[in-house]
Amino acid sequence: MRFVSNLPHPVKVEEHVRVPMSDGVRLSARIWRPVSSDAHPVPAVLEAIPYRKRDLSSVRDSMHHPYIAGHGYACLRVDLRGTGDSEGVLRDEYLEREQQDAEEVLAWIADQPWCDGATGMMGISWGAFAALQTAARRPPGLKAVVLASFTDDRYDDDMHYMGGAMLTDNLAEAGTMFAYATCPPDPAVVGESWREMWHERLEGSAPWVVEWLRHQRRDAYWRHASLCEEYAALQVPVLASSGWADGYSNAVTRLLEHVDVPRKGLIGPWSHKFPHLGEPGPAIGYLQEVVRWWDHWLKGEENGVMDGPMLRSWMQESMPPSTSYEERPGRWVGEPGLPSPRVEPAVHPLFPHRVGRPGEAAPQGPGTDGPLTVRSPLSVGQFAGKWASYNAPPDLPYDQREEDGGSLVFDSDPLPERVEILGTPTVELEFTVDRPVAQVAARLSDVAPDGAATRITYGVLNLTHLAGGDPEPLEPGRRYRATVRLNGIAQAFPPGHRVRLSLSTSYWPLAWPPPEPVLLSVEPGASTLTLPVRPVGEPDEGISFEEPEAAAPAATTERAAPEQSWQVSRDLVDYRSALDIVKDSGTTHYEEIDLDVGRRAVERYDWVADDFGSVRGRSAWTMRFTRGDWDTRTETDTVLTCDEKQYHVHATLDAYEGGERVFSRNWKVSVDRDLT
């Protein structure tokens, strides 16, 4: 990373600007803008997120917004209502009120004397969601958006549910937001009202996972703010990016395919991070790309930003399995549009075959005409990694050979030549099950000659969601057909390697298991794997990017060392197994504001033998803010268990001031399982 201090425009900073909302709540904004904007108005760029601009996101913000402002823009980082130094209570994600707030902030910006009326929105994850959702409402003056790691489908392609199966990130993300939504504002900027604001948040908070469990199927709750419900609602140009190791790579290609606006897509090898901070590497000069985007769409400069392929993606080379990579070898490839005319579907029956040669007939003879069965143990999935990798702690999938022991496995022959895929692999299954609720996880792996299996991509489908509408219970013994869509990927398979498809009936703890073990019977001769094959000799247009650069980060000091761990354990006395995750940021001193902040998150997913009713998830957080005599701490703890008929949530919230507990609340809520 190259840190840049000599930018085209000197920048001034306004630390805590209160932006009034129509209901009386005031949001807190930090503004970076060119000094010259006092006399010469400039376009403005908004990022609105709940992650505390004054401390927890301040280092990242200090790298991005001064850089963009130094190229001639007013940049605003706004704390969502109920977070950071903004008033109000944050009660859930992506509510109507949040989008109204964003529209009102944009209108306020356009009315400021330093703004010329043209605005854009940008962000990663929540910030990208907010930008896309606001853009779909078509507020006046919003000219373009820049999105990283986002989704257009809140139900079927977010951390809550995948193919109708509940993800354990549903609990983990709820635990994260339970912690962030209950932190106090900073009295150094909001004054004596900080305690009243804090207690309003504490009183108004609840574990969000309860609400998310009340919506186990696609309903109005998830359709709200999901662009996939009406792609035509997006009417502004969009620059969209993600990473193959992220959980959000699919939305980039869907957006490119379905919206009818000027658009560009970028997918690297990265986890859930901005491309200039991308891990695994290589990182790229993303902020330069962003500035060029704004220069064209907000200032009208003809700079060639729309030249070249619509999608630029990183074609990954084969690597041994690892839970973390510093770099992923590969090369940039370009597609002129989506669906790409360069990619052809190669359909293969689920029998030994040579991958990359479409149209081969299924083998005939003994052993090829009967069903294959599997009833997976709960241990399948303990090496699955995180739904959305952050590359810290190491959270990518490990060697799949143990997982494959509890799965149906279909291997290709050793490949006689290199094969490259780019897109969404799919599996067509003809099957029966012996229970009314069942799920299938499909995994695609690159198997090296020594047998090591690196998972390339995967998909999970709740088999009660076959009809495309509301889920329906399965009839045991009845034959069904299902299409399992795997996450999109760009991957090269070397000669001599095998392509492996693995099918399992559970994938815990990445996905919550069905109510009871299921026997899945697959008709291999009537089932297929389709790979999106890209010809190896296709020219790649010489795509390249500049070196990553940003403004210098805000100064911090490490007061206490961070701790990261990801541990799988199994006790052969009582047969209890567990995945324990620690994400402890230590204690950081923010020099500019003389503040110490500590964050510690602990997740645990445990179970006993193959007792599907024993699965249990926990997300516990401690957040502490101290400056002189001001010492506050919140502790949140959410536990999710189940039986065959219900989910059970037990959550606690405790808040401390000066070491004394000043608030405490418990929740015990049960929610019926809705064919999950």
Side-chain angles (χ1 to χ4, degrees), residues 1 49-52 56-57 59-61 63-64 93 123-129 147-151 157-160 162 167-180 241-252 267-284 286 314 316 321-328 383-398 455 457-458 487 489 509-511 548 553 561-568 579-586 588 599-605 617 619-621 623:
M1 173 69 72
I49 52 176
Y51 303 127
R52 302 182 59 91
L56 295 181
S57 76
V59 173
R60 190 213 68 173
D61 294 346
M63 297 168 68
H64 300 169
E93 60 179 17
I124 184 172
S125 198
W126 193 308
F129 279 59
L147 316 174
S149 299
F150 66 99
T151 190
D157 200 20
D158 198 358
M159 84 280 291
H160 305 292
M162 185 180 197
L167 300 165
T168 50
D169 267 36
N170 198 44
L171 169 64
E173 178 65 12
T176 300
M177 295 316 303
F178 199 14
Y180 274 82
S241 66
S242 190
W244 296 128
D246 196 356
Y248 290 110
S249 60
N250 301 314
V252 174
I267 309 177
W270 314 302
S271 57
H272 194 68
K273 296 179 181 293
F274 273 117
H276 61 297
L277 305 172
E279 297 175 347
I284 65 167
Y286 176 70
W314 187 252
Q316 300 182 140
S322 176
T323 57
S324 179
Y325 300 100
E326 289 187 10
E327 296 275 335
R328 286 301 304 260
F383 299 133
K386 193 77 169 168
W387 173 80
S389 169
Y390 289 81
N391 215 43
D395 57 8
L396 293 172
Y398 192 48
R455 196 193 75 192
T457 182
Y458 74 100
N487 286 333
I489 194 64
L510 188 144
E563 177 190 355
Q564 309 276 355
S565 70
W566 185 288
Q567 184 175 17
V568 173
L579 168 62
D580 288 286
I581 303 170
V582 176
K583 297 178 290 185
D584 189 330
S585 301
T588 301
R599 282 182 293 172
R600 180 178 175 85
V602 175
E603 294 176 37
R604 181 178 176 87
Y605 305 95
S619 176
W621 282 72
M623 308 281 276

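This one's a predicted model, so the numbers in the text were calculated from it and none came from an experiment.
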### Task
Might you work through the side chain to side chain contact (heavy atoms under 4.5 Å, CB included) test for K386 and E603, ending with a clear yes or no?
CA-CA 12 Å; K386 193 77 169 168; E603 294 176 37; 3.3 Å; yes

### Query
Under a 4.5 Å cut-off applied to non-hydrogen side-chain atoms, are M1 and M63 in contact?
yes

### Message
Given 3.5 Å as the limit, does a donor-acceptor pair link the side chain of W126 with the main chain of F150, or not?
### Response
no

### Task
Drop me the distance from I267's CD1 to N250's CG, to the nearest 0.5 angstrom.
8.5 Å

### Query
Hey, what do you get for CZ (R328) to CH2 (W314), rounding to the nearest 0.5 Å?
10.5 Å

#### Entry: Non-hydrogen side-chain atoms of D158 and E173 separated by less than 4.5 Å
no

### Message
Testing the basics here: between E327 and P282, what is the closest heavy-atom pair and its distance to 0.1 Å?
### Response
OE1-N, 3.3 Å

### Query
Are the side chains of N391 and Y325 in touch, meaning some heavy atoms are under 4.5 Å apart?
no

### Message
Minimum heavy-atom separation for S241 and P275, please, with both atom names.
### Response
OG-CG, 3.8 Å

### Query
So, the side chain of T323 versus the backbone of P394: is there a donor-acceptor pair under 3.5 Å, distance only?
no

### Task
Flag the pair I489 / W244 as yes when at least one side-chain heavy-atom distance between them is below 4.5 Å, and no otherwise.
yes

### Task
Indicate whether the side chain of N487 and that of T457 have a donor and an acceptor atom separated by less than 3.5 Å.
no

### Heavy-atom pair of closest approach, residues H160 and N170
ND1-OD1, 2.7 Å

#### Entry: Heavy-atom check, side chain of V582 versus side chain of Q567, under 4.5 Å
no

### Query
Going by atom types only, do Y248 and D157 share a side-chain donor-acceptor pair under 3.5 Å?
no

### Query
Which heavy atom of P280 sits nearest a heavy atom of W270, and at what distance?
O-CD1, 3.1 Å

### Query
Are the side chains of E93 and F129 in touch, meaning some heavy atoms are under 4.5 Å apart?
no

### Query
Could you give the distance from CE (M159) to CG (L167), rounded to the nearest 0.5 Å?
9.5 Å

### Atom of G247, atom of W387 and distance for their closest heavy-atom approach
O-CZ2, 3.3 Å

### Query
Taking all non-hydrogen atoms of both residues, which atom of Y180 and which atom of P50 are closest, and how far apart?
CD2-O, 3.9 Å

### Query
In Å and rounded to the nearest 0.5 Å, what is the CG to CZ distance from L579 to F383?
10.0 Å

### Message
Walk me through whether I581 and Y605 qualify under side chain to side chain contact (heavy atoms under 4.5 Å, CB included).
### Response
CA-CA 9 Å; I581 303 170; Y605 305 95; 4.2 Å; yes

### H64 side, atom NE2; I124 side, atom CD1 - distance, nearest 0.5 Å
8.5 Å

### Query
Considering only heavy atoms from C-beta outward, does the side chain of Y398 approach that of V568 to under 4.5 Å?
no

#### Entry: S249 side chain vs A245 backbone, donor-acceptor pair below 3.5 Å
no

### Message
Using 0.5 Å steps for rounding, measure from the CZ atom of R599 to the CH2 atom of W621.
### Response
6.5 Å

### Side-chain heavy atoms of Q564 within contact of K583, under 4.5 Å
yes

